[in-house]
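Take a look at the structure below.
These numbers come from a predicted model, not from an experiment.
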Amino acid sequence: FPTFEDVLKNVDEYIRNHAQYGPEVRQNLTAALKLRSEHHSSGALGSLFRANSGITAKDFISCPSVIELADFSEDSTSFLMNMLLFRIQCYLARQPESKRLNRVIVVEEAHNVFRKTISEDSSRALINNFFEKMLAEIRASGTGMIISDQRPSIMSSAVLANTAVTIVHGLKEREDREIIGNAMN
């Protein structure tokens, strides 16, 4: 598979041969593709995407695993968590149904994945819809999910509504207390 470094090396040629736009749009596309490719081919993301092989969703699910994302920016963390949870959900959807708890997935700093959106037409809203559906579906495979965050007010309300058990510790912000109070009925 091509890497982001390969994409970066070939942006100019690709735009020249395939972009059917005027000069200004071509220039904007080239700049955007180069910027994103450079971001994904350097630093912690670059070393992650440079690997020739990776770990499968089955590998993560089969044994206790911890994924530490402290070296990544907030946007990169969100991107990686979305990819990872999507892959895990696809794997779990192919597993037989089970009434027994077979595994638990813990998502700490969950606002990186389940962030509240302003517009229902945004890409973030589409991602939230996918993960809300995922929360409801993974139970069938015997999977539980613990969603942990210090600021419930910045998380999607549907995520809060789809949790069966809510454990609350000290919440300093009034908005956080109100949201959790409403979610707990």
Side-chain angles (χ1 to χ4, degrees), residues 40 44-45 47-49 51 53-185:
H40 286 82
L45 276 178
S47 62
L48 177 70
F49 288 128
S53 62
I55 299 173
T56 67
K58 181 180 179 181
D59 295 332
F60 283 121
I61 297 297
S62 308
C63 63
S65 304
V66 174
I67 303 163
E68 178 57 59
L69 300 174
D71 290 345
F72 299 98
S73 69
E74 186 175 326
D75 287 341
S76 297
T77 299
S78 178
F79 172 69
L80 292 170
M81 284 301 300
N82 288 335
M83 284 183 15
L84 182 61
L85 287 173
F86 176 75
R87 295 292 305 268
I88 289 172
Q89 193 274 337
C90 290
Y91 173 76
L92 292 174
R94 296 188 308 267
Q95 301 308 302
E97 287 193 15
S98 174
K99 296 196 183 290
R100 185 175 164 261
L101 182 63
N102 298 316
R103 67 197 65 80
V104 175
I105 298 171
V106 178
V107 179
E108 190 177 347
E109 298 294 332
H111 65 271
N112 288 315
V113 179
F114 306 109
R115 186 177 291 271
K116 184 186 292 186
T117 60
I118 295 170
S119 167
E120 293 302 315
D121 296 331
S122 69
S123 60
R124 170 62 67 187
L126 295 173
I127 290 168
N128 281 346
N129 288 339
F130 171 79
F131 287 122
E132 290 160 14
K133 183 178 164 192
M134 180 189 110
L135 287 173
E137 291 177 354
I138 64 170
R139 289 186 203 116
S141 68
T143 304
M145 184 171 274
I146 297 173
I147 299 170
S148 171
D149 205 286
Q150 295 176 5
R151 294 294 317 272
S153 59
I154 62 174
M155 291 181 48
S156 165
S157 58
V159 169
L160 297 172
N162 270 319
T163 54
V165 177
T166 304
I167 299 171
V168 180
H169 296 283
L171 294 173
K172 294 183 173 90
E173 299 292 326
R174 179 181 182 162
E175 183 182 11
D176 290 332
R177 290 192 305 271
E178 290 174 354
I179 286 172
I180 287 296
N182 289 336
M184 295 173 70
N185 200 11

With the side chain counted from C-beta on, respond yes when [X] and [Y] share a heavy-atom pair under 4.5 Å apart, and no when they do not.
X: Ile146; Y: Val104; value: yes
X: Leu171; Y: Pro152; value: yes
X: Asn182; Y: Ile180; value: no

Is it true that a side-chain atom of [X] and a backbone atom of [Y] form a donor plus acceptor pair closer than 3.5 Å?
X: Arg177; Y: Lys172; answer: yes
X: Ser62; Y: Lys58; answer: yes
X: Asp149; Y: Met155; answer: no
X: Thr143; Y: Arg139; answer: no
X: Ser153; Y: Asp176; answer: no
X: Glu68; Y: Ala70; answer: yes

Output, in order, the C-alpha distance, side-chain angles, deciding distance and verdict of side chain to side chain contact (heavy atoms under 4.5 Å, CB included) for Asn82 and Phe79. CA-CA 5 Å; Asn82 288 335; Phe79 172 69; 5.7 Å; no

Roughly how far, to the nearest 0.5 Å, is the [atom2] atom of [Y] from the [atom1] atom of [X]?
X: Met134; Y: Ile88; atom1: CE; atom2: CD1; answer: 7.5 Å
X: Arg151; Y: Ile179; atom1: CZ; atom2: CD1; answer: 8.5 Å
X: Met81; Y: Phe114; atom1: CE; atom2: CZ; answer: 7.5 Å
X: Ile105; Y: Met145; atom1: CD1; atom2: CE; answer: 4.5 Å

Can you tell me if [atom1] on [X] sees more than 12 non-hydrogen neighbours from other groups inside 6.0 Å?
X: Glu108; atom1: CD; value: no
X: Arg87; atom1: CZ; value: no
X: Ile67; atom1: CD1; value: yes
X: Gln95; atom1: CD; value: yes

If you look at every heavy atom in Asn102 and Ser98, which pair is closest and at what distance?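 For Asn102 and Ser98, the tightest heavy-atom pair comes out as ND2-OG, 3.2 Å.
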
